[in-house]
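Here the structure comes first, spelled out in structure tokens, and everything after it is commentary.
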Amino acid sequence: MSDLHIYNSYTRQKEQFQSITPGHVGLYVCGPTVSGESHLGHARPYITFDVVNRYLQHLGYKVRYVRNITDAGHFEEEGREAEDKVATKAQLERMEPMELVHKYTNLFHWGMRLFNNLDPSIEPTATGHIIEQIDMIENIIAKGYAYEVNGSVYFDVKKYAEKYPYGKLSGRILEDLLETTRELDGQEEKRNKVDFALWKKAPAEHIMRWNSPWGEGFPGWHIECSAMSSKYLGDKFDIHGGGMDLQFPHHESEIAQSTIAHDHAPVNYWMHNNMITINGKKMGKSYNNVIKLTELFSGNHPILEQSYHPMVVRFYILQTHYRSTLDFSNEALQASEKAFRRLWEAHEIVQKMQRAGGAEATDKELDAKVQGFCRDCDESMNDDLNTAKVIANLFELAPIVNGFKAGHIDSGAISAETFELVQTTFKTYLEDILGMQALQVKESSNKLDQVLSLLIEIRKDAKMRKDFATSDQIRNKLAEAGVMLKDEKDGSITYTIE
RNA sequence: GGUCGAGUGGCCGAGCGGCUAGGCAGAGGUCUGCAAAACCUCGUACAGCGGUUCAAAUCCGCUCUCGACCUCCA
């Protein structure tokens, strides 16, 4: 039993986390629809739940993390003409759904890897689970909560609501929903406007279609998550995550379907991350303010002043609590970049450092303070994954570590035990739990190393002779080539490669 | 229109009844041949108006502003 508390969207309060099977956690997160490129908005849930996954593992749980790929449904590639999929065209000229899905799935994986997100345990695709979805729909029909009309199958929400709390997750009131005047596709077939599709009959021009007991068609959007989560995590599992915008109707529908199919609610804890906004507006296709991951990493977008390293983006996202909105701006990203560089350097310094003095602390007050910051990292994570607070704690530690190095704080001021705690706190939190990595991978070229040490030696000599013209030339020219020299306090010279 | 949520110092962002948040920027300083980095010091904020309380950024009410969802959406 851990002290982990998470905010459960379903009950709208923080609850102590307790897994169904001791030592194990089933985690399901709604994955991307791979009909287009992943964008900055996608980064948030997958980084957030990557940290959830990592932290649960840190606490000792064996996590089965399932994240789906939505590759079925209404498919149209962005910017591609509708006639592309017209059947009269030669096959190689037509859009092939599998080709498109493959392309964007690969691109999604590419982004996830750059963000240093751990792979899910299982990444099921909707198209690979048509049979499971059909089974589940038949099950719901058999129980009397779904009906077929013209080759489509709809879930009877009104009937469901008579017995179950429909709308509880998203705070909807059925009566309000029934009054909605909005005209939706297939509305006339439904018994009530609130009913949602479990299976849709495929129109003649629809390219993705499968045989079913109700004719050729394709599954409704919500059923895939219910079918796949129960298949791999069981009828009832621990945590279901996703973006806040999925609360309604997606997650609400999932609850309804699964409750009927399995005779009980499917999930114990619902977690929802908040949105990323640009100039206060949610990023989304319909707002025309989407920054794709490829654009973000290359800086190739009108509103981007520069490119941003995936680790900078990750850090920026984790500096805010996952349930707060996060507003994008160049200023904010640039601040995160500087902040992260400083923090990471302190991390590298403390890992390499040797503590001086005896085992006991010579400054009890500092020792206690330092321990407090370390311990608060645990408390902050346990308090609904407060990564922002964890980072703030690490920043409290950074000047102390730098002080050890600069020599104005004696590393013996804190005890040997506390010193070790600082090292493990940086390592565990920054790398293992927050999943951060160095911005630049150390180039391990012996030849380069030798060339640089030669230049560094020449520069040292020049400095000794007060030949600053030469020493500055070496530093400046190397800087132009992307190699930054740094004169350390002890007279040594180190370098970093941009 | 309905439902829910948010408004914190120049900017970003924690906190959510009493205890320093933190980062970035800015100012001054230490160190340094210079530079960079690092370190030290500084600002003293909680949309507005009332109320509850010994005590409110934190609770309650009203007002204003903004956002999300109600449609595919992370």
Side-chain angles (χ1 to χ4, degrees), chain A residues 12 29-33 35-36 38-49 70 73-74 76 167 170-173 175-177 179-185 194 221 241-250 252 272-277 280-287 290 315-316 319-321 323-343 345-346 349 369 373 376 380 383 386-396 398-403 405-409 463 466-468 471-472 475-476 479 484-489 494 496:
Chain A
R12 289 158 199 268
V29 174
C30 288
T33 301
S35 61
S38 302
H39 55 77
L40 174 59
H42 291 110
R44 177 105 105 143
Y46 306 128
I47 288 172
T48 297
F49 290 104
T70 298
H74 243 93
E76 264 176 67
S170 54
R172 284 320 114 136
I173 295 158
E175 285 66 38
D176 294 345
L177 293 169
E179 284 167 18
T180 307
T181 54
R182 203 182 287 267
E183 278 308 316
L184 292 172
D185 185 42
V194 286
W221 176 40
M244 261 182 159
D245 50 350
L246 296 181
Q247 242 176 42
F248 190 88
H250 188 54
E252 197 72 63
H272 295 276
N273 63 276
N274 216 130
M275 302 290 101
I276 290 184
T277 58
K281 285 264 188 298
K282 175 183 155 186
M283 181 179 304
K285 238 186 268 184
S286 35
Y287 297 95
V290 168
F315 192 73
Y316 153 78
Q319 266 185 302
T320 304
H321 185 85
R323 284 193 288 113
S324 301
T325 54
L326 172 55
D327 196 50
F328 171 90
S329 71
N330 283 285
E331 225 184 340
L333 260 301
Q334 283 159 15
S336 287
E337 178 169 342
K338 284 185 182 159
F340 176 59
R341 281 179 192 280
R342 186 159 83 87
L343 197 59
E345 203 177 327
I349 287 168
K369 222 170 98 178
F373 291 133
D376 194 63
S380 298
D383 183 16
N386 195 337
T387 55
K389 191 76 198 298
V390 169
I391 290 172
N393 281 317
L394 295 177
F395 269 113
E396 295 280 9
I400 297 168
V401 167
N402 286 325
K405 187 192 176 203
H408 68 268
I409 307 176
K463 277 179 67 179
K466 306 243 187 261
D467 175 8
F468 298 121
S471 69
D472 286 352
R475 187 175 61 197
N476 295 340
M484 311 304 289
L485 294 188
K486 199 166 134 192
D487 295 345
E488 299 292 348
K489 269 256 164 145
T494 58
T496 49

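Model, not experiment: these values are computed from the prediction. We name chains A, B, ... by the order of the sequence lines, and we start the count at 1 in each one. In what follows, every heavy atom counts, from backbone to side chain, and hydrogens, waters and symmetry copies are set aside.
Leu394(A) comes within contact range of no nucleotide atom at all, as no heavy-atom separation falls under 4.0 Å. Within the 4.0 angstrom heavy-atom criterion, no nucleotide atom of any strand lies near Ala406(A). Residue contacts shown for Met275(A) include a base, since a base heavy atom lies under 4.0 Å away. Contact annotation for Met484(A): no contact, since no heavy-atom pair falls under 4.0 Å across all strands. Backbone-only contact: Lys281(A) has heavy atoms under 4.0 Å from sugar-phosphate atoms and none from a base.
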Exercise for review: Check step by step if salt bridge (charged side-chain N to carboxylate O under 4.0 Å, His left out) holds for Lys389(A) and Asp383(A).
Suggested key: CA-CA 10 Å; Lys389(A) 191 76 198 298; Asp383(A) 183 16; over 6 Å; no
Practice item. List the steps and the verdict of salt bridge (charged side-chain N to carboxylate O under 4.0 Å, His left out) for Lys405(A) and Glu488(A). Key: CA-CA 10 Å; Lys405(A) 187 192 176 203; Glu488(A) 299 292 348; 2.9 Å; yes
**Study point:** Intermediate values then yes/no, salt bridge (charged side-chain N to carboxylate O under 4.0 Å, His left out), Glu345(A) and Lys486(A)
**Key:** CA-CA 13 Å; Glu345(A) 203 177 327; Lys486(A) 199 166 134 192; 2.6 Å; yes
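Evaluation of atom-type donor-acceptor distances gives a pair under 3.5 Å for the side chain of Arg475(A) against the base of A35(B).
Taking atom CD of residue Glu488(A) and atom P of nucleotide A36(B), one finds them 15 Å apart after rounding to whole Å. In this structure, Leu177(A) atom CG and U71(B) atom C1' are separated by 13 Å, rounded to whole Å. Atom CG in Leu485(A) sits roughly 15 Å away from atom P in A37(B) (whole-Å rounding).
Distance from the side chain of Asp487(A) is smallest to C34(B) among C34(B), A25(B), A74(B). Taking only side-chain atoms of Lys338(A), from C-beta outward, the nucleotide of A37(B), A25(B), C34(B) with the closest atom is A25(B).
Nucleotides of RNA chain B nearest to Asn402(A) and Gly242(A) differ in position, and the one nearer the 5' end is that of Asn402(A). Comparing Gln334(A) and His250(A) by the nucleotide of RNA chain B that holds the closest heavy atom to each, the one mapping nearer the 5' end is Gln334(A).
Using bins of under 30°, 30° to 60° and over 60° for the plane-to-plane angle, the ring pair His42(A)/His39(A) lands in the tilted bin. Using cut-offs of 30° and 60° on the angle between ring planes, the pair Phe328(A) and Tyr316(A) is perpendicular.
Looking at heavy atoms from C-beta onward, Lys463(A) lies in side-chain contact with Asp487(A) at the 4.5 angstrom threshold. Taking the side chain as every heavy atom from C-beta outward, Arg342(A) and Phe340(A) never approach each other to under 4.5 Å.
In this structure, the aromatic ring of Tyr46(A) is not positioned over the six-membered ring of the base of A74(B) within 5.5 Å between centres and 30° between planes.
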Check nucleotides 2-5 of chain B against the protein and report each pair of N or O atoms closer than 3.5 Å, with its distance, or say if there are none.
unit_1, atom_1, unit_2, atom_2, d
G2(B), O2', Asp176(A), OD2, 3.1
U3(B), O2', Gly171(A), O, 3.1

Check your understanding: Which parts of nucleotides 6-22 of chain B does protein reach within less than 4.0 Å, heavy atoms only, written one letter per nucleotide 5' to 3' as B for base, S for sugar-phosphate only and - for none?
Key -> -----SSSSS-----BS
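Consecutive pairing runs in RNA chain B reach the stem threshold at B:1-7 with B:64-70, B:10-12 with B:22-24, B:26-30 with B:38-42, B:47-51 with B:59-63, where a stem means at least three Watson-Crick or G-U wobble pairs with distances under 3.5 Å.
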